[in-house]
Amino acid sequence: MQIVLPIEDLRPGMFVDNVHKHKSDAGIKIKSRGMVRDEAIIQKLIDKGVLELTIDFTQSDIPVPQKYQQPAEPVTEAPQTPEEPAAKNGMDGSLSTARSKPKSKAKTVSKEQTLQQEFAVAMQKFEKNNRQIQSLYGDVTSGLKVDMSLINEVSKDIVDSVLRNSNAMAILTRIKDKDAYNWRHMTNCAILITVFAKHLGLQHHIIEQLAMGAMLHDIGHAKLPQGLINKPGNFTDLEYRAVKKHVAQSLGLSKGESGITPIMLDMIINHHERLDGTGYPRGIKDDALSTAARMMAIVDVYDAITSDQHHKEADEPINALRFLLSSKKQFDPILVQRFIKCMGVHPVGTIVKLTNERLGLVLEGNKHAPTAPLVRVFYNTKHLHHVTAKDLDLSESDIKVIASVRPLDYQINLSRLLRDQLLI
């Protein structure tokens with residue numbers, strides 16, 4: 001719930017989504033979103049001429065005040081976006097200032113579709129786009145330039161699908177193929193960051209840039225020796241130094257090309273940087289890292305951990321989320337929390353074992369009960385056979401999730417399962 005309230009009613013524990021009104025002669029406007037931690041921040045806002053703010057009580061630490069528990073007027077101002085100068089700090093709970101600038105007109109998007117309505121379209125696009133990106137990857141390896149029009153087309157397909165339904169494309173990222181990791185990682189990251197950006201409420205034109213930046217963030221791998229990239233074992237120190245050069249290669253392939261924006265270049269350059277300065281290539285840290293770079297770092301690591309590669313098997317999403325959560329010095333902890341809320345404890349497309357000796361395919365998360373998603377029950381683990389599919393909302397059942405399982409543990413072909421269960 002978002003409510004516009006005057007500055008005198010602002011209290012510590014409230015989450016500011018944006019500034020709704022400020023003095024006409026103030027000359028500046030508070031740009032970034034974040035939690036009001038103490039009275040000092042409130043005084044700072046007063047000093048800057050803020051009159052009214054939009055508070056997001058779904059992210060606040062305190063309840064809606066009694067006098068505001070009547071229906072409020074809808075909020076029309078756009079949320080904070082990574083392109084704005086103060087976005088570096090806005091996600092970590094602090095509030096900062098930046099010069100006002102005009103807002104761009106939001107793009108109209110297709111209305112929301114059900115999972116099954118969108119899945120057929122998403123699967124067709126996903127398979128076609130992966131074939132095209134595989135071909136593009138091969139072209140770049142052979143010395144050709146990146147086809148930016150194709151990258152842009154694929155990115156837009158992903159954004160349009162996710163905005164119609166967040167789960168259809170996200171489910172497809174669960175299909176693993178170590179021999180296709182290099183180009184599927186590009187597509188998967190674009191899908192995941194789009195889902196994340198939609199969850200954060202970012203503007204359409206920013207989401208499109210994030211998707212395209214994710215498509216390009218590792219394209220430099222195509223310029224490295226492919227025997228090195230696909231090496232089965234761990235890298236030596238010398239090999240790892242060579243692999244790190246993919247950042248510069250990605251930048252060289254993208255910089256100056258038509259349609260490339262500062263947000264995209266930022267994501268390419270900084271997706272391996274870490275908050276504590278232990279990343280590469282420059283070892284920058286803290287406020288030097290933008291929101292877009294922080295988001296890209298989270299998505300990149302999450303997909304890498306949950307994907308089959310030549311040197312390792314895929315780990316389950318819940319373990320990837322635990323890793324991100326435990327690495328607070330490296331990854332933005334507030335963004336990680338929001339990513340977990342976005343993905344769910346058991347992300348869509350995950351197969352979970354239930355207390356009734358059945359397997360369920362996670363179809364939809366539950367924001368209010370993260371451990372109790374909507375699942376489609378399809379397999380009997382006691383007698384090892386498929387059963388008539390039935391949807392089950394675990395939040396309304398005594399049945400619980402025991403653990404997530406790998407499809408191969410039960411000789412399940414995930415791609416075939418998804419087709420059988422989700423295609424209308």
Side-chain angles (χ1 to χ4, degrees), residues 110 113-141 146-196 198 207-208 210-219 221-222 226 230 299-300 302-304 306-310 314 317 343 347-351 361-364 376 378 389 406-408 411-424:
S110 302
Q113 300 287 309
T114 66
L115 174 58
Q116 287 191 310
Q117 285 173 330
E118 182 60 28
F119 186 77
V121 177
M123 175 164 269
Q124 184 179 22
K125 290 284 189 181
F126 182 81
E127 292 177 343
K128 175 188 173 185
N129 290 342
N130 269 311
R131 289 194 298 270
Q132 291 178 315
I133 296 301
Q134 179 182 2
S135 178
L136 177 146
Y137 190 93
D139 289 344
V140 175
T141 299
V146 178
D147 184 349
M148 290 298 173
S149 62
L150 175 60
I151 293 289
N152 184 54
E153 178 185 339
V154 172
S155 301
K156 287 183 180 295
D157 281 346
I158 289 170
V159 172
D160 289 345
S161 177
V162 169
L163 293 183
R164 288 191 297 265
N165 184 285
S166 297
N167 294 331
M169 279 275 185
I171 283 176
L172 293 169
T173 65
R174 298 294 300 137
I175 300 174
K176 305 303 177 184
D177 181 355
K178 68 179 180 181
D179 293 321
Y181 171 76
N182 293 333
W183 48 90
R184 284 206 177 196
H185 179 63
M186 296 164 61
T187 305
N188 286 354
C189 284
I191 294 170
L192 293 169
I193 206 164
T194 301
V195 172
F196 191 18
K198 178 185 176 182
I207 297 177
E208 287 188 332
L210 292 171
M212 193 164 171
M215 287 292 301
L216 292 167
H217 81 286
D218 268 353
I219 189 62
H221 276 153
Q226 294 306 288
N230 298 324
V299 166
D300 179 49
Y302 174 82
D303 186 66
T306 57
S307 295
D308 283 321
Q309 300 182 51
H310 285 278
M343 298 300 295
V348 292
T350 303
I351 296 176
L361 174 68
V362 178
L363 300 180
E364 186 177 316
R376 181 159 295 172
F378 69 92
R406 297 184 306 167
L408 290 180
Q411 287 74 55
I412 293 170
N413 182 306
L414 183 59
S415 180
R416 186 179 302 127
L417 175 70
L418 295 177
R419 291 175 183 274
D420 292 345
Q421 298 296 333
L422 297 179
L423 287 180
I424 299 174

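Just the heavy atoms: all of them, side chains too, but no hydrogens, waters or symmetry mates, feed the values below.
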Participant: Taking the side chain as C-beta and beyond, is there a heavy-atom pair between Tyr181 and His310 under 4.5 Å?
Facilitator: no
Participant: Determine, step by step, whether Leu418 and Ile171 satisfy the side chain to side chain contact (heavy atoms under 4.5 Å, CB included) criterion, reporting the C-alpha distance in whole Å, the side-chain angles of both residues, the deciding distance to 0.1 Å, and the verdict.
Facilitator: CA-CA 9 Å; Leu418 295 177; Ile171 283 176; 3.5 Å; yes
Participant: Quick one: side-chain contact (heavy atoms from CB on, under 4.5 Å) partners of Ala211, sequence neighbours excluded?
Facilitator: Ser155, Val159, Thr194
Participant: Just wondering, do Val162 and Ile207 contact through their side chains at under 4.5 Å, heavy atoms?
Facilitator: no
Participant: Test your reading of the model: is there a side-chain donor-acceptor pair from Asn230 to the backbone of Gln226, 3.5 Å cut-off?
Facilitator: yes
Participant: Other residues, nucleotides and ligands only: do more than 12 of their heavy atoms fall within 6.0 Å of NZ on Lys198?
Facilitator: yes
Participant: Write down the atom of Leu361, the atom of Phe378, and the distance for their closest heavy-atom approach.
Facilitator: N-CE2, 3.7 Å
Participant: Looking at Phe126, is its backbone amide N or carbonyl O close enough to the side chain of Asn130 to form a donor-acceptor pair, meaning the two atoms are under 3.5 Å apart?
Facilitator: yes
Participant: Please walk me through it: do Ile151 and Leu136 pass side chain to side chain contact (heavy atoms under 4.5 Å, CB included)?
Facilitator: CA-CA 9 Å; Ile151 293 289; Leu136 177 146; 4.1 Å; yes
Participant: Please test Met169 against Lys125 for side chain to side chain contact (heavy atoms under 4.5 Å, CB included), starting from the C-alpha separation and ending with a verdict.
Facilitator: CA-CA 9 Å; Met169 279 275 185; Lys125 290 284 189 181; 4.1 Å; yes
Participant: Report the C-alpha separation of Leu363 and Asn167 in whole Å, then their side-chain angles, then the decisive distance to 0.1 Å, and conclude whether the side chain to side chain contact (heavy atoms under 4.5 Å, CB included) test is met.
Facilitator: CA-CA 7 Å; Leu363 300 180; Asn167 294 331; over 6 Å; no
Participant: Measuring from Gln116:CD to Gln421:CD, what's the distance to the nearest 0.5 Å?
Facilitator: 9.0 Å
Participant: If we check side chain to side chain contact (heavy atoms under 4.5 Å, CB included) with Phe119, which of these qualifies: Leu423, Asn165, Thr114?
Facilitator: Leu423
Participant: What's the spacing between Gln132 CD and Leu150 CG if we round to 0.5 Å?
Facilitator: 5.0 Å
Participant: With rounding to the nearest 0.5 Å, note down the distance linking CD in Gln134 to CZ in Arg184.
Facilitator: 9.0 Å
Participant: Using atom types as modelled and distance alone, determine if a side-chain donor or acceptor of Thr350 lies under 3.5 Å from a backbone N or O of Pro347.
Facilitator: yes
Participant: Check Cys189 against Val299 and note the closest heavy-atom contact, atom names and distance.
Facilitator: O-CG1, 3.6 Å
Participant: Which distance, rounded to the nearest 0.5 Å, do you find between the CG of Leu408 and the CD1 of Ile412?
Facilitator: 9.0 Å
Participant: What's the separation between atom NE2 in His217 and atom CD1 in Ile193, rounded to the nearest 0.5 Å?
Facilitator: 9.0 Å
Participant: Is the shortest side-chain N to carboxylate O distance from Glu127 to Arg419 below 4.0 Å?
Facilitator: yes
Participant: If you take all heavy atoms of Met215 and Thr187, which pair is closest and at what distance?
Facilitator: SD-CA, 3.9 Å
Participant: Mind checking the CZ-CG spacing from Arg376 to Asp420? Nearest 0.5 Å is all I need.
Facilitator: 11.0 Å
Participant: Should the heavy atoms of other residues, nucleotides or ligands under 6.0 Å from CD of Gln124 be counted, would the total exceed 12?
Facilitator: no
Participant: Tell me the closest heavy-atom pair linking Ala170 and Val348, and the distance in Å.
Facilitator: CB-CG2, 3.7 Å
Participant: With no hydrogens and no angle check, is any side-chain donor or acceptor of Ser161 less than 3.5 Å from a backbone partner on Asp157?
Facilitator: no
Participant: Which pairs, with at least one residue in residues 168-179 and sequence neighbours excluded, count as a side chain to side chain donor-acceptor pair (under 3.5 Å)?
Facilitator: none
Participant: If you measure only the distance, is there a donor-acceptor pair under 3.5 Å linking the side chains of Asn182 and His221?
Facilitator: no
Participant: Applying side-chain hydrogen bond (donor to acceptor under 3.5 Å, both in side chains), run through Asp147 and Ser149 and close with a yes or a no.
Facilitator: CA-CA 6 Å; Asp147 184 349; Ser149 62; 2.5 Å; yes
